[in-house]
Participant: 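My questions will all concern the structure given below.
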Amino acid sequence: MARRKAAPPVARPTGGRLLLELGKDALILLLTCSALFLAWQTPLVGQLRGWVAPPAPVDRPSVQQPEGALIPYALAARNSRGLYGVMYDKEGVSRAFEQLSPLLGEAFASAEPPKDIPRRQWQALLESPGVYCAYQGSPPLSILSAWLGGDGGLEGRAQSLLLAWDGEQVWLCWRDGESCYRSLTQVAYEGHLASLLEEFSPNGAAYAYSLAQTDQAYAPADPDVLVAMTAPQPLEYTAASPNFTGDPEALAQLLSVLGFQSGVGSAYETAGGLTLNEGGDRLRVGDTGLVSFHAGEELRYPVASPSLEDATLAAWDLLNRAAAPWKGETDFVLTGAESSGGWIITFHGRLGGVPLLTGEEGWYARFTVANGRVETFALNLRLYTPGESYTLLPSERLASAAMNAQSLRGSGRRLTLCYSDVGAGTLSAGWIAQE
């Protein structure tokens, strides 16, 4: 039987030799890592990097909660001691609305199918313990309900909202033009609504219809106009438009917040401003801050569902993103939504609690939402800066008498304090007879 050959002896490295080999391995590893790091910084790999790691999140300006779009410009609370009213006062109205809006949300959540009521019954409920809100425009009830905590089930619009106790039950009521409605709720009056209402001390505010019973000067005004004891003294503002056509940085900022990536160099001059086409979408930027958008084939601004609530939320978010760099002191409020093969949604501005009318049609922003996206929008981007001077205004009584002198009595108009921005550099508030 053949003997198996022994394995040849293997030379084992000495201690010094072993350290030398380990040092070589470490150097090779270091050079490899350096080469990979340098390659990772090249433009080609930079384009591929997004395939490996998700892109860094884009910083967007924070958007205020949608409830801010529903704050009225006038609010009243009636209790066993009388009527408290606050109007054209941002801090005062916001503070009172914050206290009372949970009750409105509870009312919307438990509201039964509504019934129309005569005008005299509406006024009787205005004289009952409760909460009254006067809105800019006529926001849809479904959005008021959804954003205040209800289920969004009520249909229609409301220029005025009322939660009132008739001595037995608590009713959610609203007015749209000359039509008035009420819906029974499950809101408890004793120990709940009553305790909140008692926190407000009467301050001499009154409704125009109540004052007209002894002073005919108030007769021309809409009966629901809330009148304070003293005339408001709103600040004057300076107004300016962003210089998108002459300031490339401002234009680049606008394109960034609107998600246009082709850059300032892609914009070309057109009558009254600049136009930019990207993926079939067209953006026009005017010399006076008017920005308009028309969608092409791309889904640039998607909307979660065809519901009015999702359409309004998408418009609200886009408005706040687009206007954030230039909104200054402006607050935005939802003023209307119409069904037209989709939704047409409008927002108005407000300065220091006083309604703002911008441009020829009054709105600050208007959106068309259809086919799962925002298809068009128009924004009146204007920067308002408060001055140091106050406007001395006539009282509501004198303003109402002026309506009578102009034969506006009985025309369904509401006496409202407004800023009207038609392109001038200075804004002063004044009374208008609004439709």
Side-chain angles (χ1 to χ4, degrees), residues 72-87 93 96-97 100 103-104 107-108 111-139 141 144 154 156-185 187 189 193-194 197 200 202-229 395-397 399-401 403-404 408-416 433-435:
Y73 70 85
L75 182 147
R78 187 184 294 277
N79 55 33
S80 60
R81 293 171 291 151
L83 185 69
Y84 166 85
V86 57
M87 64 289 296
V93 173
F97 188 71
L100 297 168
L103 286 172
L104 295 174
F108 274 113
E112 296 183 0
K115 295 181 179 179
D116 59 316
I117 57 175
R119 179 77 190 176
R120 55 180 176 76
Q121 192 170 4
W122 165 265
Q123 288 190 354
L125 288 167
L126 282 176
E127 295 295 326
S128 303
V131 181
Y132 170 82
C133 299
Y135 284 102
Q136 211 169 327
S138 299
L141 283 166
L144 286 168
L154 292 176
R157 304 179 301 177
Q159 72 180 53
S160 303
L161 197 64
L162 174 66
L163 184 65
W165 181 62
D166 67 357
E168 296 181 357
Q169 297 167 311
V170 176
W171 299 88
L172 178 65
C173 315
W174 60 93
R175 179 186 169 195
D176 181 18
E178 295 304 309
S179 300
C180 302
Y181 307 87
R182 75 172 186 176
S183 175
L184 184 62
T185 76
V187 175
Y189 177 71
L193 175 58
L197 293 176
F200 294 88
N203 60 357
Y207 295 106
Y209 75 83
S210 176
L211 296 172
Q213 294 175 5
T214 56
D215 188 345
Q216 283 299 303
Y218 290 98
D222 184 277
D224 292 359
V225 167
L226 194 60
V227 180
M229 287 194 68
S395 66
E396 283 99 328
R397 182 181 185 278
S400 181
M403 288 176 61
N404 192 32
L408 296 177
R409 181 175 181 173
S411 59
R413 295 171 182 259
R414 171 175 288 197
L415 184 64
T416 309
Q434 196 171 29
E435 293 287 352

Participant: With sequence neighbours excluded, what pairs up with Ala217 under the side chain to side chain contact (heavy atoms under 4.5 Å, CB included) test?
Facilitator: Asp215, Arg397
Participant: What distance separates Thr185 OG1 from Leu163 CG, expressed to the nearest 0.5 Å?
Facilitator: 6.0 Å
Participant: Side chains of Pro129 and Asn79: closer than 4.5 Å at any heavy-atom pair?
Facilitator: no
Participant: I'd like to check the side chain to side chain contact (heavy atoms under 4.5 Å, CB included) partners of Ala111; sequence neighbours left out, ordered by chain and number.
Facilitator: Leu154, Leu172, Ser183
Participant: Give me the atom names and distance for the closest heavy-atom approach of Val86 to Val93.
Facilitator: O-CG2, 3.8 Å
Participant: Under the rule for side chain to side chain contact (heavy atoms under 4.5 Å, CB included), what residues qualify as partners of Pro113, not counting sequence neighbours?
Facilitator: none
Participant: With sequence neighbours left out, write down each residue that passes side-chain hydrogen bond (donor to acceptor under 3.5 Å, both in side chains) with Asp224, or none if nothing qualifies.
Facilitator: Arg119, Trp122, Arg175
Participant: In Å and rounded to the nearest 0.5 Å, what is the CE to OG distance from Met229 to Ser395?
Facilitator: 12.0 Å
Participant: List for me each residue that meets side chain to side chain contact (heavy atoms under 4.5 Å, CB included) alongside Ser138, sequence neighbours excluded, and say none if there are none.
Facilitator: Arg157, Gln159, Asp176
Participant: Do Leu103 and Val170 have side-chain heavy atoms sitting under 4.5 Å apart?
Facilitator: no
Participant: Check whether any side-chain heavy atom of Val227 lies under 4.5 Å from a side-chain heavy atom of Leu415, and answer yes or no.
Facilitator: no
Participant: I need the minimum non-hydrogen distance between Ala77 and Leu197, along with the two atoms involved.
Facilitator: CB-CD2, 4.1 Å
Participant: State which residues pass ring-ring contact (aromatic ring centres under 6.0 Å, His included) with Tyr207; sequence neighbours excluded, sorted by chain then number.
Facilitator: Tyr132, Tyr209
Participant: Asn203: which residues meet the side-chain hydrogen bond (donor to acceptor under 3.5 Å, both in side chains) condition with it, sequence neighbours left out?
Facilitator: none
Participant: Taking only residues two or more places apart in sequence, or in another chain, which ones meet Tyr73 in a ring-ring contact (aromatic ring centres under 6.0 Å, His included)?
Facilitator: Tyr88
Participant: Can you measure from CD (Glu127) to OG (Ser210) and round to the nearest 0.5 angstrom?
Facilitator: 5.5 Å
Participant: Okay, side chain of Gln169, backbone of Trp165: is any donor-acceptor separation there less than 3.5 Å?
Facilitator: no
Participant: If you measure from CZ on Phe108 to CG on Leu144, what distance do you get to the nearest 0.5 Å?
Facilitator: 5.0 Å
Participant: My understanding is that only residues two or more places apart in sequence, or in another chain, count here; which of them pass side-chain hydrogen bond (donor to acceptor under 3.5 Å, both in side chains) with Arg78?
Facilitator: none
Participant: Write down the atom of Trp174, the atom of Ala158, and the distance for their closest heavy-atom approach.
Facilitator: CB-CB, 3.8 Å
Participant: Filter on salt bridge (Lys or Arg N to Asp or Glu O under 4.0 Å), then keep only pairs touching residues 163-173, sequence neighbours left out; what's left?
Facilitator: none
Participant: Could you list the residues that satisfy side-chain hydrogen bond (donor to acceptor under 3.5 Å, both in side chains) with Tyr181, not counting sequence neighbours?
Facilitator: none
Participant: Assess the residue pair Phe97 and Leu104 against the criterion (side-chain contact (heavy atoms from CB on, under 4.5 Å)); give the C-alpha distance rounded to whole Å, side-chain angles, the decisive distance to 0.1 Å, and a yes or no.
Facilitator: CA-CA 10 Å; Phe97 188 71; Leu104 295 174; 4.0 Å; yes
Participant: Minimum heavy-atom separation for Arg81 to Phe200, with atom names?
Facilitator: NH2-O, 3.2 Å
Participant: Looking at SG of Cys173 and CG of Asp116, how far apart are the two atoms once the value is rounded to the nearest 0.5 Å?
Facilitator: 12.0 Å
Participant: In Å, rounded to the nearest 0.5 Å, how long is the span from CD of Glu396 to OG1 of Thr416?
Facilitator: 10.0 Å
